[in-house]
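Contents: one structure, followed by commentary.
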Amino acid sequence: MHIPATLVRGGTSKCWLFNQVDVPSDRGVLEKLLVSAYGATDPVELDGVGGATPTTSKAAVVGASPEPGVDVDYLFAQVGIGTGSVEWTSNCGNCATGVALYAAAKGMVAITGDRTRVVMRNTNTGAVLEGLVDTTGGVIHHFGRQTVPGTRAGGVAVGLTFRDPAGGTTGLLLPTGQAAQDLRVPGAEPVPVSMVDAGAPVVLVDAAGAGRTGAEPLERMGADVPWLRIVRHTAAPLMGLVEQGAEPGDAVPKVGLVGPPVPYTSTLGEQVAAADYDISVRMLSMNTPHPAIGLTSAVAVAAAGLVEGSVVCRTAGGPTAEWLRLGTPAGIVAVRCTDVRNGLPRRVTVQRAARLLADARIYVPEPGRTRAA
């Protein structure tokens with residue numbers, strides 16, 4: 001059998017997008033289809049369309065939304081690499097960037113002049129986002145000059161806004177009720193953290209308090225993965241994400257280090273001065289150092305910056321302004337918080353880029369069949 005699909009680049013991720021009319025609605029059957037299509041039982045995903053990294057082994061199912069005021073719904077899938085499973089509990093802002101361009105290109109929304117707004121609902125989490133797609137001249141563009149940290153390739157400009165992101169999973173921006181606290185980590189010293197839910201549930205570790213800088217190269221972050229996994233496993237029940245004693249899935253809570261700005265060289269070889277940004281951030285994605293930063297994590301960091309006493313606020317020297325510039329391994333990502341009410345941002349925006357890469361037919365075995373040896 002074959003399934004129609006479109007490959008998009010959204011920001012620093014690649015994502016296969018499927019129209020909901022072309023794939024099973026049953027989640028279990030859909031998971032089996034994706035595992036087969038991606039070759040996800042193989043750690044290099046050789047016999048499939050998966051990219052064998054967390055940022056390139058993603059999928060989303062897109063369709064018209066029944067929700068008033070929302071154009072499209074999308075179900076995000078983080079396809080496991082070598083696990084034969086799919087993580088369904090999270091959202092992906094980079095893929096949402098691609099969904100916005102896809103929806104405009106496939107006629108799911110009407111083009112409205114030089115800018116076309118696409119309102120999207122992530123059905124995994126209920127989050128509502130807006131993508132403002134560059135449609136200069138009233139047409140869809142397949143190429144563009146907008147770039148993002150992590151790649152020199154240009155794409156179609158998409159302004160991505162998260163609406164009312166605070167408390168999307170737990171109901172509270174600060175699930176434990178504390179802006180910062182010492183987390184007692186088994187087998188290690190307590191570490192100062194902020195546990196935040198905005199965009200996604202995130203555990204932000206005060207790098208200095210943990211003997212780090214927050215500007216570690218990816219190789220050093222790789223060495224810290226076991227310790228950071230213990231941090232997130234310890235924090236998850238405190239955030240109400242799992243029962244005490246249970247282990248969370250690999251997608252949430254997300255975890256990373258926050259530190260002061262320092263000069264560094266980006267993964268693209270660009271020199272970044274300390275004066276060019278506000279805080280250093282190093283995050284994990286699916287237990288792997290993220291080459292830049294996931295947008296849901298960027299939203300959480302920016303929202304935490306508004307909270308007096310949080311790890312981000314203290315590192316930045318006080319509550320942050322409308323714009324917060326994050327120093328990531330790939331370069332500087334600027335996040336904008338607007339319409340702030342009672343310390344909660346109603347809108348958090350990141351400028352991104354997307355590009356349609358291919359329309360394809362993905363061949364997968366019929367259900368119940370296996371690949372021939």
Side-chain angles (χ1 to χ4, degrees), residues 5-18 31 33-60 74 76-99 124 147-153 155 200 202 216-226 228-229 232 249-257 266-269 281-298 326 328-331 333 350 352-358 360 362:
T6 299
L7 181 62
V8 302
R9 175 175 70 84
T12 52
S13 292
K14 286 202 292 188
C15 188
W16 283 98
L17 303 182
F18 302 85
E31 178 160 344
L33 184 149
L34 290 175
V35 167
S36 180
Y38 278 58
T41 57
D42 178 2
V44 296
E45 294 186 331
L46 180 64
D47 192 34
V49 299
T53 71
T55 55
T56 58
S57 191
K58 299 182 177 186
Y74 70 97
F76 172 65
Q78 180 74 56
V79 182
I81 302 166
T83 65
S85 62
V86 176
E87 174 64 61
W88 299 102
T89 62
S90 60
N91 186 14
C92 174
N94 277 313
C95 283
T97 304
V99 169
N124 310 72
T147 59
V148 297
T151 176
R152 294 190 176 93
V202 174
E216 278 75 9
L218 293 177
E219 296 77 12
R220 170 61 194 272
M221 283 295 292
D224 272 340
V225 166
L228 286 169
R229 289 191 68 191
R232 65 184 295 275
D250 290 334
V252 292
K254 302 182 185 302
V255 64
L257 302 172
S266 77
T267 51
L268 292 179
V281 185
R282 299 292 184 269
M283 301 295 301
L284 297 190
S285 173
M286 300 296 288
N287 299 316
T288 301
H290 199 292
I293 186 171
L295 296 194
T296 53
S297 296
L326 312 181
T328 79
V333 175
V350 186
R352 305 306 281 168
R355 194 165 80 78
L356 303 178
L357 300 177
I362 301 176

Checklist entry - Checking E31 side chain against V86 main chain: does a donor-acceptor pair fall under 3.5 Å? => result yes

Next on the checklist: As a quick check of understanding, evaluate side-chain contact (heavy atoms from CB on, under 4.5 Å) for N91 and N124, giving each step before the final call.
Outcome noted: CA-CA 7 Å; N91 186 14; N124 310 72; 5.7 Å; no

Checklist entry - What distance do N94 atom CG and T12 atom OG1 have between them, rounded to the nearest 0.5 Å? => result 4.0 Å

Checklist entry - In Å and rounded to the nearest 0.5 Å, what is the OG1 to CG distance from T56 to L7? => result 10.0 Å

Next on the checklist: Using only atom types and a distance under 3.5 Å, with no angle test, would you say the side chain of R355 pairs donor to acceptor with the backbone of G155?
Outcome noted: no

Next on the checklist: Tell me if a side-chain donor or acceptor on R352 pairs with a main-chain N or O of T97 at a distance below 3.5 Å.
Outcome noted: no

Next on the checklist: Ignoring hydrogens, what is the shortest heavy-atom contact between S57 and Q78? Give both atom names and the distance.
Outcome noted: O-NE2, 3.4 Å

Next on the checklist: Under a 3.5 Å threshold, yes or no: a donor from one side chain and an acceptor from the other, between K254 and S297?
Outcome noted: no

Checklist entry - Is a side-chain donor-acceptor pair under 3.5 Å present for S85 with E87? => result no

Item to check | Stepwise side-chain contact (heavy atoms from CB on, under 4.5 Å) check, H290 with T328 | outcome: CA-CA 9 Å; H290 199 292; T328 79; over 6 Å; no

Next on the checklist: For V252, is there any backbone N or O sitting under 3.5 Å from a side-chain donor or acceptor partner on R232?
Outcome noted: yes

Item to check | NZ on K14 to OG1 on T53, rounded to 0.5 Å | outcome: 8.5 Å

Item to check | Residue pair L218 / P329: nearest heavy atoms and the distance that separates them | outcome: CD2-CG, 3.8 Å

Item to check | T41 to G84 - nearest heavy-atom pair and separation | outcome: CG2-CA, 3.8 Å

Item to check | Atom of L268, atom of T151 and distance for their closest heavy-atom approach | outcome: CD1-N, 3.8 Å

Checklist entry - Okay, side chain of R9, backbone of G11: is any donor-acceptor separation there less than 3.5 Å? => result yes

Item to check | A59 to F76 - nearest heavy-atom pair and separation | outcome: O-CD1, 3.3 Å

Checklist entry - Is the backbone N or O of G51 less than 3.5 Å from a side-chain atom of E45, with the two atoms forming a donor-acceptor pair by type? => result yes

Next on the checklist: Quick one, T288 with T55, criterion side-chain contact (heavy atoms from CB on, under 4.5 Å). Give me CA distance, side-chain angles, the key distance, then yes/no.
Outcome noted: CA-CA 10 Å; T288 301; T55 55; over 6 Å; no

Checklist entry - Is there a side-chain contact between V148 and V350, using heavy atoms and a 4.5 Å cut-off? => result no

Checklist entry - Counting distance only, does the side-chain N/O of Y38 pair as donor-acceptor with the main-chain N or O of K58 below 3.5 Å? => result yes

Checklist outcome for this item: CG (D224) and CG (L284) are apart, to the nearest 0.5 Å, by 8.5 Å

Checklist outcome for this item: On a heavy-atom basis, the closest approach of V44 and A52 is O-CB, 3.6 Å

Checklist entry - Excluding sequence neighbours, so at least two apart, what forms side chain to side chain contact (heavy atoms under 4.5 Å, CB included) with A5? => result W16, F18, I362

Next on the checklist: If the condition is salt bridge (Lys or Arg N to Asp or Glu O under 4.0 Å), which residues does D250 pass it with, not counting sequence neighbours?
Outcome noted: none

Next on the checklist: Applying side-chain contact (heavy atoms from CB on, under 4.5 Å) to T147 and R152, what does each step give before you reach the verdict?
Outcome noted: CA-CA 6 Å; T147 59; R152 294 190 176 93; 5.9 Å; no

